[in-house]
Amino acid sequence: MATTDLASPSRLRSWMLQGLSDMGKSGGHTGPHAEPVPPHQGQRWWRVMCLTGVDYFSTLGYQPGIAALAAGLLSPIATIVLVIVTLAGALPVYRRVAEESPHGEGSIAMLERLLSFWKGKLFVLTLLGFAATDFLITITLSAADASTHLIENPHLTSTLHDHKMLITLVLVALLGAVFLKGFLEAIGVAVALVGLYLGLNVVVVIAGLWHVVTEGHVITDWSSALTAEHGNVFVMIGVALIVFPKLALGLSGFETGVAVMPHVKGDTGDTEERPAGRIRDTKKLLTAAALIMSVFLIATSFITTLLIPEKEFESGGKANGRALAYLAHDYLGGVFGTLYDVSTIAILWFAGASAMAGLLNLMPRYLPRYGMAPHWARAVRPMVIVFTLVGFLVTWVFDADVDAQGGAYATGVLVLISSAAIAVTIAARKAGQRNWTIAFAIISAVFLYVTVANVIERPDGVKIGACFIAAIILVSLLSRLARAFELRVTSVTLDPMAERFIRDIASRKIRFIANEPDQRDKAEYHDKIQQIRADNDMPEQEDFVFVEVTVLDPSEFEAGLTVRGEVLHGRYRVLTLESSSIPNALAALLLHVRDTTNCIPHIYFEWTEGNPFHNFLRFFLFGQGEVAPVTREVLREAEPDRARRPRVHTG
């Protein structure tokens, strides 16, 4: 019994952290429990389009209803504005993102390269907050709309009508359960699901257009009401431009489109450095998806506005969150309507799966590399549990209401698209492409306007986004603080001169002097040796090698260490290192020397002047400060055996 009790936690831990050692390595996981597509393999672009389409096309489940609530009779005109912005704005931007980031990193990686140090990390964390808003609200909003389609089905409404919250939570939980078991991005399932869903929507659209044409008074009534309400066409266009930000949900899916790029097959001559075929076919993917969605958006907004009474779009109405399903039941009968409901529920739920995969691909790519997440954040299953619990919280906060979550979803989508537009503008400027720079700058201005207008109109979106940002930054900084004394050098490489120094002193007692380089003149090294001998009461014959660390970017967490040797002033041997943290670099060097020589090295410091707390903050933020005790603490955590631990001396 005791053995079982001890083994069970071990088995649970192994199961929870399965794949942890592979995450983050070159050639490791690129998706949940799935090995990346090998170079030059993958799927045809139109099949991968269906994978991103489960997120993009599924918005047809709720977009027409949201457009009707936002624009009323102007819904078709406002949707045309949305389509123009999609084809003339978002599509060119993400085609350029595909060129600049062909391995699925997206626009966040493009912007990450523009900023360094802590301001770059905080900027990326902010974008990750909005990305988390986008993907998590996709999960909860899609689940809420799926439950709406389920409970509003005429055959089930009497039984399930009061259980929307419970059904939504169950759908979110089932999504998490799928990922805990192991989710493979089944492109074949996505193709079948998207094909069925779009096929059924074609039937609904044709039936709707047929009723519009055969019942001529419908168009007349709509145009008369439109003219009476808004006067002339210019006023209509102006109002449509004003309400357009409320329709921003129809722009979702582009970030997912570039995230799935590694699955696109491309050409046989593609290389990872120059995947020209993959880039070309991804552009086809983005263009085809945008064109298909544009046609459906215009057609569905037209028929739903003309054929569904306005009161049915409101909260509690039969078309609220399910406008096309309302038409399917009304015009094509209960059997077809139920089939449509099933397909809609399936694709909305699968859209949540796509969003969860996006989260699991995005967060481990940045946070662990920044040292801003614990080791287990590289594993899929613990993160699935975290995201599922957050999904429960968001569902509860928004009471599983599709309309209430629209603002937060739109904010996340618009911030990501705006950041992508800014990124490609900068990329075009750096490439000296004047015309593209101007064009992308105009597109950036449009999306920034839409983002600001959306935030002003629906501040709840930026509030929930700010909550995600604050949570990510707080957890990230606490994690970085908790891992402050962790040995975070991934490899140590010595040049031939450095190896010669180590071989030479390994025949005696290995003694290093940690030196903060100043003038690097002869007097500096002579005085340092005399000080160390005096502080530690050492005889003249003791031999030393100086170690000097230059801090590059203190905000970086993990990196390799290159050690170079040089002889200064004809007699002083100096090892020079470049790192993000002086104590970590010194500790890594000492452990490497111990392992390669089988000798315990000694290193000598002088105490740092100043307040210990201030010095610790200097270490935490800038990689320097109280070097001696921090080096010792890093060594203590890295080597629990005191007998094998390098010796730290401070005088």
Side-chain angles (χ1 to χ4, degrees), residues 371 483-495 497-517 525 528-529 531-539 541-551 554 557-566 572-608 612 615-616 619-620 623-651:
R483 300 177 65 185
F485 302 118
E486 184 179 306
L487 185 66
R488 37 193 162 113
V489 174
T490 56
S491 63
V492 179
T493 305
L494 278 66
D495 74 356
M497 184 64 76
E499 289 181 346
R500 180 180 172 184
F501 291 169
I502 301 302
R503 285 196 306 269
D504 179 45
I505 59 174
S507 60
R508 302 179 294 281
K509 189 177 287 290
I510 303 176
R511 300 186 188 275
F512 295 111
I513 294 177
N515 182 53
E516 183 178 358
Y525 296 104
K528 189 74 172 183
I529 290 178
Q531 176 191 340
I532 293 298
R533 282 176 174 157
D535 289 343
N536 295 276
D537 194 22
M538 297 175 65
Q541 65 268 25
E542 291 295 340
D543 193 15
F544 299 97
V545 173
F546 288 92
V547 183
E548 299 177 347
V549 183
T550 301
V551 176
F557 189 75
E558 293 180 341
L561 187 67
T562 300
V563 184
R564 297 178 177 85
E566 58 182 322
Y572 299 112
R573 293 167 296 179
V574 182
L575 298 178
T576 59
L577 302 76
E578 293 180 342
S579 177
S580 60
S581 166
I582 294 175
N584 268 275
L586 294 175
L589 174 64
L590 293 172
L591 291 170
H592 179 77
V593 170
R594 181 204 65 183
D595 294 339
T596 55
T597 64
N598 291 318
C599 299
I600 303 298
H602 296 245
I603 189 166
Y604 296 84
F605 297 89
E606 62 176 298
W607 283 112
T608 306
N615 282 330
F616 174 75
F619 160 69
F620 180 70
Q624 38 195 321
E626 199 70 83
V627 176
V630 175
T631 302
R632 194 265 178 188
E633 181 60 21
V634 173
L635 287 169
R636 189 187 68 82
E637 287 203 5
E639 177 52 78
D641 185 354
R642 287 188 68 175
R644 287 181 46 77
R645 193 181 302 156
R647 307 292 192 260
V648 174
H649 306 268
T650 306

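These figures come from a predicted structure and were not determined experimentally.
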So how far is it from [X] [atom1] to [Y] [atom2], rounded to the nearest 0.5 Å?
{"X": "Tyr604", "Y": "Lys528", "atom1": "OH", "atom2": "NZ", "result": "13.5 Å"}
{"X": "Leu586", "Y": "Leu591", "atom1": "CG", "atom2": "CG", "result": "11.0 Å"}
{"X": "Leu561", "Y": "Thr493", "atom1": "CG", "atom2": "OG1", "result": "8.0 Å"}
{"X": "Asp595", "Y": "Leu590", "atom1": "CG", "atom2": "CG", "result": "11.0 Å"}
{"X": "Glu516", "Y": "Ile582", "atom1": "CD", "atom2": "CD1", "result": "6.5 Å"}
{"X": "Arg500", "Y": "Leu494", "atom1": "CZ", "atom2": "CG", "result": "14.0 Å"}

Response to the item:
Residues at least two apart in sequence or cross-chain that pass side chain to side chain contact (heavy atoms under 4.5 Å, CB included) with Asp495, listed by chain then number, are Met497, Ala498, Arg564
Worksheet item: Excluding sequence neighbours, so at least two apart, what forms side chain to side chain contact (heavy atoms under 4.5 Å, CB included) with Thr597?
Response: Ile502, Ala506, Ile510, Val593, Cys599
Worksheet, complete the sentence: Residues Ser579 and Val549: closest non-hydrogen pair is CB-CG1, 4.2 Å
Worksheet item: Do you know which two heavy atoms are closest between Val634 and Ala587, and how far apart they sit?
Response: CG1-CB, 3.6 Å
Can you find a pair of side-chain heavy atoms, one from [X] and one from [Y], that are under 4.5 Å apart?
{"X": "Tyr525", "Y": "Ile513", "answer": "no"}
{"X": "Ile529", "Y": "Phe546", "answer": "yes"}
{"X": "Asp504", "Y": "Arg573", "answer": "yes"}

Could you tabulate the donor-acceptor pairs under 3.5 Å formed by side-chain atoms of residues 638-645, not counting sequence neighbours?
from   : atom 1 : to     : atom 2 : distance (Å)
Glu639 : OE1    : Arg594 : NH1    : 2.8
Glu639 : OE2    : Asp641 : N      : 2.9
Asp641 : OD1    : Ala643 : N      : 3.1
Arg645 : NE     : Glu639 : O      : 3.0
Arg645 : NH2    : Glu639 : O      : 3.2
Arg645 : NH2    : Pro640 : O      : 3.3

Worksheet item: Thr490 side chain to Gly560 main-chain N or O, any donor-acceptor pair under 3.5 Å?
Response: yes
